[in-house]
Amino acid sequence: MSDLFLDRQEVERLFSAPSWQRDLFSDFKNLMTSVIRPFPCLFGVNGYRLDQLRYAFMPSLVAGQFAPVLAAYVSMARSFGPNTSLVLFMKPGPEASMEAYRGMFWQFLEDLARIDEMPWPAAIPTRLDEPAWEFCFAGEPLFVVCNTPAHVLRQSRRSTSLMLTFQPRWVLDRVTRTPKTAHAAFSAVRKRLAPYDLVPPSPTLGRYGDAMNCEYAQYFIDDTNVYPSSPREALGRKPLCAQQRQKRDENMELQPPSALRPHPAAAPRTLDHVDLKINRGGADPNDLAGEIERFLPAQGNIEIQCDSPGMEHAWHEHDVDEILVIMRGSIRFYWNDDETVCSEGDVIYLPAGTRHGSVASNEGATYLIAFHKAGA
């Protein structure tokens, strides 16, 4: 095993909670294992289940630092299994706009192409608007997917922090080698996408090599369903061209242009679904006594719940209002037709009569439950 990337067991062994690496991986794990809202990408789900995915973590988006990781992965990928991909998690930072993330993503791919020490494969065009184009690195064609915190309506592309997935083309070729298998795989993914996203499947989704399809348009899909009219529109900048690459300057650290860096931190986001509200970071997990006093109702009671790893409270409801304050660990909280991961410091405001349940993460969870008389 390379020390540049990790398998599932190594991630959980090396990164303990609380750490940004473990938090991001826990979110990812919950996505891949959810039975209430199955993640649409069957390849990713199967790859996680069979431990064929590999993971890398970076504090900043620097192509010169990631290039050796990607090169090592490409050289070993076939030994990991037929559903492998390399998932790159970026350290959480101030959230950016959709367009800023788009620019960062394409700049990163161009930087990688420019410092690639192997020639671009002769069979792969260098023009993005040709159906057979695919991003290539270390001689390997790779399908690349970008997930960001800016995605809201397209939940299948949403992530806690910037996340890039590099999937070898041969993984996809294996399941699309005949028209019958290609149709089955494509239909299965679309069937799972329909109830998962809050917008219909993007018109950019298509099959590799089809005359009317361009792969680059599928790499970064925003929350709209507008097909880009040109590579310039899709990238928000000049097209990536392998012929423009230069040899790497070993002393040069490549950074996204300042105009594409994230905006200053915004106030914590609040998610509202019907009457349920989740306030991210609304409590201080280091001040148990203070939070008990703050959330103690004028009429009602408060309890401290300790859940062991994987403990599930299946579907149920209460005839009183509840406030749940996560003090340690995290839970996958589900209600009605939705679910999310709540971590230390998150506060859940749960109205009486809301059908819900929860599952504790691998590190378990400790949380306060304040019971209020409904409407009080």
Side-chain angles (χ1 to χ4, degrees), residues 1-7 41 43-44 47 52-58 60-90 101-147 162-174 208-209 214-220 231 234-235 237-250 252-256:
M1 170 60 61
S2 169
D3 59 358
L4 297 175
F5 49 81
L6 307 168
D7 62 23
C41 180
F43 312 113
Q52 296 176 1
L53 304 182
R54 294 299 179 264
Y55 310 96
F57 301 84
M58 290 179 56
S60 57
L61 201 63
V62 181
Q65 295 177 5
F66 181 63
V69 180
L70 186 55
Y73 169 77
V74 164
S75 70
M76 303 171 66
R78 283 176 169 79
S79 68
F80 300 144
N83 291 288
T84 188
S85 292
L86 176 63
V87 184
L88 171 61
F89 297 97
M90 302 305 305
Y101 281 124
R102 186 199 304 272
M104 293 168 65
F105 168 71
W106 282 108
Q107 181 67 60
F108 185 61
L109 290 193
E110 181 168 26
D111 289 342
L112 284 172
R114 180 160 51 85
I115 63 179
D116 188 4
E117 296 180 347
M118 292 186 65
W120 193 268
I124 305 297
T126 59
R127 288 177 52 90
L128 273 75
D129 52 2
E130 294 191 30
W133 181 88
E134 191 83 276
F135 177 74
C136 300
F137 191 84
E140 189 75 69
L142 301 162
F143 183 74
V144 189
V145 172
C146 185
N147 292 57
L162 185 65
M163 182 179 82
L164 277 60
T165 303
F166 294 80
Q167 186 171 57
R169 169 50 53 186
W170 55 262
V171 171
L172 297 168
D173 288 343
R174 183 183 63 84
Y208 178 68
C214 286
E215 286 291 284
Y216 76 87
Q218 302 183 56
Y219 282 22
F220 192 106
L235 276 61
R237 51 184 308 283
K238 66 180 181 180
L240 173 71
C241 180
Q243 296 173 341
Q244 296 174 346
R245 291 179 300 164
Q246 303 171 2
K247 278 292 183 179
R248 176 171 61 177
D249 178 352
E250 298 295 342
M252 179 177 64
E253 182 175 82
L254 300 173
Q255 295 278 9

From CE (Met90) to OH (Tyr101), nearest 0.5 Å: 10.5 Å
Under 6.0 Å between ring centres: does that hold for Phe166 and Phe66? yes
Closest heavy-atom pair, Cys146 versus Leu162, reported as atoms and distance to 0.1 Å, is SG-CD1, 3.6 Å
Quick one: does Thr84's side chain have a donor or acceptor within less than 3.5 Å of a partner on Gln52's backbone? yes
For Pro121, give me all partners under side chain to side chain contact (heavy atoms under 4.5 Å, CB included), at least two apart in sequence or on another chain. Ile124, Cys136
Distance-minimising heavy-atom pair for Tyr73 and Pro168: OH-CD, 3.7 Å
Could you tell me the separation between the CG atom of Leu112 and the CD atom of Gln107, rounded to the nearest 0.5 Å? 10.5 Å
For the residue pair Phe143 and Leu172, what are the closest heavy atoms and their distance? CB-CD1, 3.9 Å
Measure across Asp116 and Ala138 and return the closest heavy-atom pair with its distance rounded to 0.1 Å. OD2-N, 3.0 Å
Taking the side chain from Tyr216 and the backbone from Glu130, do they hold a donor-acceptor pair closer than 3.5 Å? no
Applying side-chain hydrogen bond (donor to acceptor under 3.5 Å, both in side chains), name anything that partners Glu140, two or more places apart in sequence or on another chain. Arg78
Which atom pair, heavy atoms only, marks the closest approach of Ala113 to Phe135? CB-CE1, 4.2 Å
Taking side-chain hydrogen bond (donor to acceptor under 3.5 Å, both in side chains) as the definition, give me every residue that meets it alongside Tyr219, ordered by chain and number, with sequence neighbours left out. Glu134
Distance in Å, Phe57 CZ paired with Leu6 CG, rounded so as to fall on 0.5 Å steps: 6.5 Å
From CG (Leu70) to CZ (Phe137), nearest 0.5 Å: 5.0 Å
Under the side chain to side chain contact (heavy atoms under 4.5 Å, CB included) rule, what do Thr165 and Phe43 come out as? Steps first, then yes or no, please. CA-CA 12 Å; Thr165 303; Phe43 312 113; over 6 Å; no
Going from CG on Leu88 to CG on Leu61, what distance comes out if it is rounded to the nearest 0.5 angstrom? 7.0 Å
Got a second to check how far Leu4's CG is from Gln65's CD, nearest 0.5 Å? 12.0 Å
When you measure from the centre of the six-membered ring of Tyr208, is the NZ or CZ of Arg169 closer than 6.0 Å and no more than 45° off the axis? yes
Using the six-membered ring wherever Trp is involved, compare the ring planes of Phe220 and Phe105 and label them parallel, tilted or perpendicular (cut-offs 30° and 60°). tilted
Could you give me the CA-CA distance, side-chain angles and deciding distance for Leu142 and Leu86, then say whether side chain to side chain contact (heavy atoms under 4.5 Å, CB included) is met? CA-CA 10 Å; Leu142 301 162; Leu86 176 63; over 6 Å; no
